[in-house]
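Read the structure below first, then the notes.
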Amino acid sequence: MADLNPSFGDREILEDLLSSQKQITAEYNAAANECASSALQGEFMTLLGEEHQIQMELFQEMQKRGWYPVQKAPQQKIAEAKEQFTGTNS
């Protein structure tokens, strides 16, 4: 018989939490974009910022444990992205 109650380790839990945070921030962002009330939009933006902070903390914890490795971008790629989004040459 299959195990109906699998146990999750720290890595699986953090991966699930990070995935959930990404979804939460997407939903708050969509809600803020659709607001007709600037006061309500401000509240959503506050919540969005808080959720992004939680997301960053989860990411940093996973990265610290080696579970979310990232590669450094070459300096040329950074300069290209900066130029693309700012319209300036550096």
Side-chain angles (χ1 to χ4, degrees):
M1 179 176 228
D3 186 2
L4 298 177
N5 189 12
S7 61
F8 296 102
D10 289 346
R11 184 175 185 161
E12 291 81 15
I13 292 169
L14 286 172
E15 286 173 346
D16 186 57
L17 288 169
L18 184 59
S19 178
S20 295
Q21 281 305 123
K22 289 178 180 181
Q23 184 62 41
I24 289 167
T25 57
E27 296 297 330
Y28 275 130
N29 189 58
N33 283 334
E34 298 295 325
C35 280
S37 161
S38 59
L40 184 56
Q41 183 185 42
E43 291 298 321
F44 278 125
M45 294 301 291
T46 298
L47 292 169
L48 180 61
E50 292 170 2
E51 296 301 329
H52 272 295
Q53 182 60 41
I54 294 167
Q55 180 180 338
M56 178 57 81
E57 290 169 8
L58 289 166
F59 165 75
Q60 290 171 334
E61 183 61 31
M62 290 183 70
Q63 193 175 35
K64 181 176 79 176
R65 294 178 186 212
W67 298 338
Y68 203 121
V70 293
Q71 294 180 346
K72 291 188 177 191
Q75 194 60 41
Q76 178 62 32
K77 292 289 186 185
I78 294 170
E80 290 171 7
K82 181 179 177 183
E83 183 179 332
Q84 177 185 355
F85 291 106
T86 63
T88 61
N89 293 327
S90 39

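Here I24 contributes atom CD1 and S19 contributes atom OG; the two are 9.5 Å apart, rounded to the nearest 0.5 Å. Here the straight-line distance linking atom OG1 of T46 with atom OH of Y28 works out to 11.0 Å at 0.5 Å rounding. Taking CD of Q55 as the reference point, atom CD of Q60 lies at 11.0 Å (rounded to 0.5 Å). Distance check: Q23 CD to T25 OG1 gives 8.0 Å after rounding to the nearest 0.5 Å. Separating the CZ atom in F85 from the CD atom in E80 is a distance of 12.0 Å, to the nearest 0.5 Å. The CG atom of L58 sits 10.0 Å away from the CD atom of Q53 when rounded to the nearest 0.5 Å.
Counting only distance, with no hydrogens or angles, the side chain of E51 and the backbone of Q21 share no donor-acceptor pair below 3.5 Å.
Taking all atoms of both residues into account, the shortest heavy-atom contact from G66 to P69 is O-CD, 4.1 Å. Residues Q63 and V70 share a closest heavy-atom pair of NE2-CG2, 2.9 Å. Among all heavy-atom pairs drawn from A32 and Q41, the shortest one is O-NE2, 3.2 Å. Closest approach of I78 and A73 over heavy atoms only: CD1-O, 3.7 Å.
At a threshold of 4.5 Å between non-hydrogen side-chain atoms, the residues N29 and N33 count as touching. Contact of the E50 side chain with the L47 side chain is registered, since non-hydrogen atoms from C-beta on lie closer than 4.5 Å.
Counting non-hydrogen atoms of neighbouring residues, nucleotides and ligands closer than 6.0 angstrom, the CE atom of M45 reaches no more than 12 such neighbours.
Within the structure, ring pair (Phe, Tyr, Trp, His ring centres under 6.0 Å) contacts touching residues 51-71 (residues at least two apart or in different chains) are F59-Y68.
Residues L17 and M56 share a hydrophobic cluster, clusters being chains of Ile/Leu/Val/Met/Phe/Trp/Tyr side chains in contact below 4.5 Å.
Residues satisfying the salt bridge (Lys or Arg N to Asp or Glu O under 4.0 Å) criterion with R65, sequence neighbours excluded, are D10, E61.
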